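What follows is a single structure, written as structure tokens, with notes after it.
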Number of protein chains: 2
Amino acid sequence: MSLKSQHIPRATIQRMAVYIQVLESLQRDGKDVISSELLAKTCSVNPSQIRKDLAYFGEFGVRGVGYYVQDLITSIKQALGVDRVWKTAVVGIGNLGRALLNHREFKLRGFHIVGAFDCDPFKIGEIVSGLEVICSRRLKEKAEEIGIEIGIITTPPERAQRATNYLVDAGVKGIINFAPARINVPDDVTVEYVDFFHHLYAVAFNVTLNAESE
Amino acid sequence: MSLKSQHIPRATIQRMAVYIQVLESLQRDGKDVISSELLAKTCSVNPSQIRKDLAYFGEFGVRGVGYYVQDLITSIKQALGVDRVWKTAVVGIGNLGRALLNHREFKLRGFHIVGAFDCDPFKIGEIVSGLEVICSRRLKEKAEEIGIEIGIITTPPERAQRATNYLVDAGVKGIINFAPARINVPDDVTVEYVDFFHHLYAVAFNVTLNAESE
DNA sequence: CAATTCATGTGAAATTTTTAACAAAAAACG
DNA sequence: CGTTTTTTGTTAAAAATTTCACATGAATTG
């Protein structure tokens, strides 16, 4: 039952993150129990979808009642593996890198930034948000010392692949890439791309579409 | 032929944005022509997928040759409606709002930020990146003056819905929501959610999964 | 304590999306 | 100038995902 070794759709994982978001806001509002129907409405998905998604990981609800908000948050976080601390490192200390280092929501959510790397000699040695900027070339060496599980790339696009190589070489198995460039990694390394221009494009497209059909 | 009024999958639009990204980097590298096979490899998708995606919008390639990089960029941008200037406004002038206002890539990509709004009396009147911060309550009035097509919400979660209401009331039909909260909008308004913790969750999940199956 | 209500969990149906296969068209070559 | 090569555009098959429908089980009510 807990060994549901089938493939879990990527879309399911994305929705799980949305469920957490909504559940946490319900929790802040003091709601104890929620039905899949109501949760679905808030998330703009089908109620069956929610039940199906959750079923990949186990049975978290009570028939005739619904889901206990606090319990469900805990269960989903456990299912995703975000019920613990993850050690992360930022590679590329530009504006975005600095912003992320100063963003305290990271620690709050269990993602501890334990390393800051850059290849610019002028930045090396600088202290950003309590962390000394280290030369990217020393990433592997430092990783062995501090332990890095997830790498966050915030370099310019042309340096994203080199940053990736350093991370992969250091044994990092998960990467968030903010640089507007595709990167190559071995099969056992996961990459997520973050680029809000993609979202802007999507909105622009939909607005154009709706305006035309009007 | 250009009136392909069928529904275009959301996934297609997301990939189109990726294609632009890769094509622009190919262009920087001086590449003139690219085949769907090579482009596919770089984007980690199936070659048929690319041809299918492009077919929704028209015929952009030359059989036996491939796609002309510059032409394809132009065509995709036109198809998405991002070959022109979009007027945007930021609502919520916190750290993230300020960062976006100072980010010159926006203008470079045709998204001009023409308004900055916040409800905090201490922030109103302040000049951020050449723009005066205006009271959110005056959004509609200001929108009529400057014209706002896309709203960017960077408020705390509990104020996201109010920001949304101001934007909708002002006739804005597209919204990018950076606040970690779901928002309600009429059917004719498009919303895109941006939350990089969702990506962190996805990476954490995949890393956990791969580590277990090893 | 049987009957009713309610909302979950799930297997089957419907839909959507992706992949494969191939015909069509453009260029290259002898 | 026909033949071969190449790679697109497109139709058909396959796979994946979403939705529906309902049986199941927990709580509540008379």
Side-chain angles (χ1 to χ4, degrees), chain A residues 1-19 22-23 26 31-76 79 202, chain B residues 1-19 22-23 26 31-76 79 202:
Chain A
M1 188 244 269
S2 86
L3 209 101
K4 301 241 178 187
S5 303
Q6 59 190 134
H7 174 253
I8 295 168
R10 183 196 160 73
T12 292
I13 302 303
Q14 293 181 333
R15 281 191 298 267
M16 296 294 268
V18 175
Y19 302 156
V22 171
L23 288 166
L26 286 169
K31 206 132 178 41
D32 288 330
V33 183
I34 182 94
S35 69
S36 63
E37 195 177 329
L38 211 66
L39 184 58
K41 197 167 286 179
T42 318
C43 300
S44 306
V45 297
N46 187 291
S48 302
Q49 182 84 83
I50 293 189
R51 301 200 293 272
K52 245 297 156 52
D53 285 340
L54 296 177
Y56 283 112
F57 301 98
E59 298 188 13
F60 306 125
V62 182
R63 296 178 192 209
V65 178
Y67 301 90
Y68 292 103
V69 174
Q70 175 58 67
D71 288 1
L72 191 53
I73 293 173
T74 308
S75 299
I76 295 180
Chain B
M1 187 244 269
S2 86
L3 209 102
K4 301 241 176 186
S5 303
Q6 60 189 134
H7 174 254
I8 295 168
R10 184 196 160 72
T12 292
I13 302 303
Q14 293 181 334
R15 280 190 298 268
M16 297 293 269
V18 175
Y19 302 157
V22 170
L23 288 166
L26 286 169
K31 204 131 179 44
D32 289 329
V33 183
I34 183 94
S35 69
S36 61
E37 194 177 329
L38 212 65
L39 184 58
K41 197 168 285 177
T42 317
C43 301
S44 306
V45 297
N46 187 292
S48 302
Q49 182 86 84
I50 293 189
R51 300 201 292 273
K52 201 56 180 293
D53 285 340
L54 296 176
Y56 283 112
F57 301 98
E59 299 188 13
F60 306 125
V62 182
R63 296 176 191 211
V65 178
Y67 301 90
Y68 291 103
V69 174
Q70 175 58 67
D71 289 1
L72 191 52
I73 293 174
T74 307
S75 298
I76 295 180

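Just so it is clear, the values below take in all heavy atoms, side chains as well, and ignore hydrogens, waters and symmetry mates. A note on names: the letters A, B, ... follow the listed sequences, proteins ahead of strands, and every chain is numbered from 1. Remember, predicted model here, so these are calculated numbers, not experimental data.
Summarising the geometry, the separation between CD on B/E59 and P on D/dT11 is reported as 11 Å, rounded to the nearest angstrom. Atom OH in A/Y56 sits about 13 Å away from atom C1' in C/dG11, given to the nearest Å. For the pair A/R63 CZ and D/dA26 C1', the computed distance is 9 Å after rounding to whole Å. For the pair A/I13 CD1 and D/dT17 P, the computed distance is 11 Å after rounding to whole Å. Whole-Å rounding puts the A/R10 CZ to D/dT18 P distance at 13 Å. Rounded to an integer number of Å, the gap from A/Y19 OH to C/dT8 P is 12 Å. Atom CD1 in B/I8 sits about 13 Å away from atom P in C/dT18, given to the nearest Å. When rounded to the nearest whole Å, the span between CG of A/L54 and P of D/dT18 equals 14 Å.
Closest approach of A/K31 and A/V69 over heavy atoms only: O-CG2, 3.5 Å. The two residues B/C43 and B/V18 make their nearest non-hydrogen contact at SG-CG1, 4.0 Å.
The side chain of B/R15 lies closest to C/dT18, out of C/dT10, C/dT18, C/dA23. The side chain of B/V62 lies closest to C/dA26 when the candidates are C/dG9, D/dT7, C/dA26. Listed candidates were D/dT17, D/dG9, C/dT17. Nearest to the side chain of A/H7 is D/dT17.
The local environment of OH in A/Y68 is sparse, with at most 12 non-hydrogen atoms from other residues, nucleotides or ligands closer than 6.0 Å. Within 6.0 Å of the CD atom in B/E37, the count of heavy atoms belonging to other residues, nucleotides or ligands does not exceed 12.
Here the straight-line distance linking atom CD1 of B/I34 with atom CG of B/L72 works out to 9.5 Å at 0.5 Å rounding. Atom-to-atom distance recorded for A/Q14:CD and A/Y19:OH is 11.0 Å, nearest 0.5 angstrom.
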Give the intermediate values and the outcome of side-chain contact (heavy atoms from CB on, under 4.5 Å) for residues A/L26 and A/D32. CA-CA 8 Å; A/L26 286 169; A/D32 288 330; over 6 Å; no
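The phosphate of D/dT6 (OP1 or OP2) has no side-chain N or O of B/Y67 nearer than 4.0 angstrom.
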Pick out the pairs of N or O atoms, protein on one side and nucleotides 28-30 of chain C on the other, that lie under 3.5 Å.
none

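Of all the residues in residues 40-53 of chain B, B/N46, B/S48, B/Q49, B/R51, B/K52 reach under 4.0 Å from DNA chain C with at least one non-hydrogen atom.
Residue B/T12 is out of contact with every strand shown, counting any heavy-atom pair closer than 4.0 Å.
Mapping B/V65 and A/Y68 onto DNA chain D by nearest heavy atom places B/V65 closer to the 5' end of the strand.
The one candidate from A/L54, A/V33, A/I76 that meets the side chain to side chain contact (heavy atoms under 4.5 Å, CB included) condition with A/Y67 is A/L54.
Using modelled atom types, no side-chain atom of A/T12 and backbone atom of A/I8 make a donor-acceptor pair closer than 3.5 Å.
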